[in-house]
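Just below is one structure, and these are the notes that go with it.
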Amino acid sequence: MATRCPWPLSLSGCCLLLLVLGSPGFFQSHAVEVDVKDHANTTCIYAKWMMSFLIKYETNSSEYKNATLELTSTNVTHDGSTCGNKTHAPLLAVQFGAGHSWSINFTKTNETYQGNIISFTYNTSDAVFKDAKRKEQVTVVVKDPLRPVLLNTVYKCHHLDSIEVANVSQFFWNVILQAFVQNGTVSKNDSTCEADKSTVAPTTVANLTTAPITTASPPLPTTTSKPVEKPLTGNYSLKDGDKTCLLATMGLQLNVSQEKPGLININPKTTNVTGSCGNTSATLRLNDGNRRFIDFTFAVKNTSANTQRFYLKEVNITLITSINGSEPLNAGNNNLSIWDTFLGSSYMCQKEQTVLVTEDLQIHTFDLRIQPFRVQDNKYSKAEDCSPDVDNFIVPITVGAALGGLVALVLMAYFVSHKKHRNAGYQQF
């Protein structure tokens, strides 16, 4: 029967937790290494992985912001990890920061094992949740999507993967895992995830407690010099119950100019939509399926006693997949005041627009139409156009015609006046 591991623990204790500085990249997280042992000091679970969390929360002003949680070399414990018994499944659990915890339990058949339930608890009393409306612990639970792995086999996946549930995105990479370790010895057999099979081989590093195991940073995709075409237009919506509360139509293109410039078209066919609706604040979150997250936050303002307008107030972008070898980034601009129109209407702009996020990051929008409030009958209300294409022709023609008419009137007045003066001169003689 497994025993609960006391803390602190030495190398000979029933559980071992090692923190190794991870490679530079997403949120500068650290690798977590856990060796769970039973009462006989025999390993039953071995895991080494990197993870980070992106959490959307509500502020006191009813706005929504993002917070990131990282694992550092000094703030992680593993109290509660256990090899399991006849009534309790093996459990891998870690605690970190100001009241945050993460755990996964495992099940097996005669031939395979796999993760079962992932539970993540975060504490909005932590200082990273600036101006949080509610100070509380929140728990989200999700089924582990990992496919079954053969017993006596180590699962490895260096590729970055993510799980989204509620307002939480969980990111994992450099994963090395074996549950139900046989005879206390981590297997030399391994099973590589599909995402890693097309990437370059990782380098080998020494492990302090087991045989050498390979680790590597998430693969860095590259782009070609082929010109980027105009992005496809996507139709996005949010529902509150059975009623649509937000509508958005747009083509999106990211312009990233860190170490190397790059353009990214967001594919609406692979994009997942989440977010929240409210009376004075609404958020649309887009996850393009390639570890790129774009959050649009809209707000309502009073322009007079009886007039309200909505506008785009904030944009946040998280790019987990790097561009042209540059590091992943998380950036935002919470001081916007664009896409402004009357509350109850929709805003439309078919021409290309640029939203400045930072000096190194912009969003280009195409064929835009947005209505984040007061959607009726699941369809757009009357649109206020930023600048209709027809105006591009009508305005210059109208101005030119007016100027031409004015010139003609001036000339006519001049000739009439001049003729009168000449006639008056003749009459004097």
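Quantities reported herein were computed from a predicted structural model and do not represent experimental measurements.
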Exercise: identify the closest heavy-atom pair between Val141 and Thr139: CG2-CG2, 4.2 Å
Working for salt bridge (Lys or Arg N to Asp or Glu O under 4.0 Å), residues Lys56 and Asp295: CA-CA 10 Å; Lys56 179 171 289 294; Asp295 290 4; 2.9 Å; yes
Closest heavy-atom pair and its distance - Pro268, Tyr236: CB-OH, 3.3 Å
Atom of Asn189, atom of Asn152 and distance for their closest heavy-atom approach: ND2-O, 3.5 Å
Tyr311 OH: over 12 foreign heavy atoms closer than 6.0 Å: yes
Smallest separation among heavy atoms of His364 and Thr354, with atom names: ND1-OG1, 3.0 Å
Asp240 atom CG, neighbour heavy-atom count above 12 within 6.0 Å: no
Residues Phe293, Phe171; criterion ring pair (Phe, Tyr, Trp, His ring centres under 6.0 Å); working and verdict: CA-CA 12 Å; Phe293 300 84; Phe171 303 98; 5.6 Å; yes
Test item: Asp126 side-chain N/O and Val128 main-chain N/O as donor-acceptor pair under 3.5 Å: yes
Shortest non-hydrogen contact from Phe106 toward Ala89: O-CB, 3.4 Å
Lys/Arg-Asp/Glu bridge criterion (N-O < 4.0 Å) met for Arg147, Glu194: no
Ile163/Phe172 under side-chain contact (heavy atoms from CB on, under 4.5 Å): CA gap, chis, key distance, verdict: CA-CA 9 Å; Ile163 300 175; Phe172 310 91; 3.9 Å; yes
Lys143 atom NZ: more than 12 heavy-atom contacts under 6.0 Å: yes
NZ (Lys269) with more than 12 external heavy atoms under 6.0 Å: no
Over 12 non-hydrogen atoms of neighbours within 6.0 angstrom of NZ in Lys243: no
Derivation and outcome, side-chain contact (heavy atoms from CB on, under 4.5 Å), residues Glu136 and Val138: CA-CA 6 Å; Glu136 60 186 357; Val138 181; 4.0 Å; yes
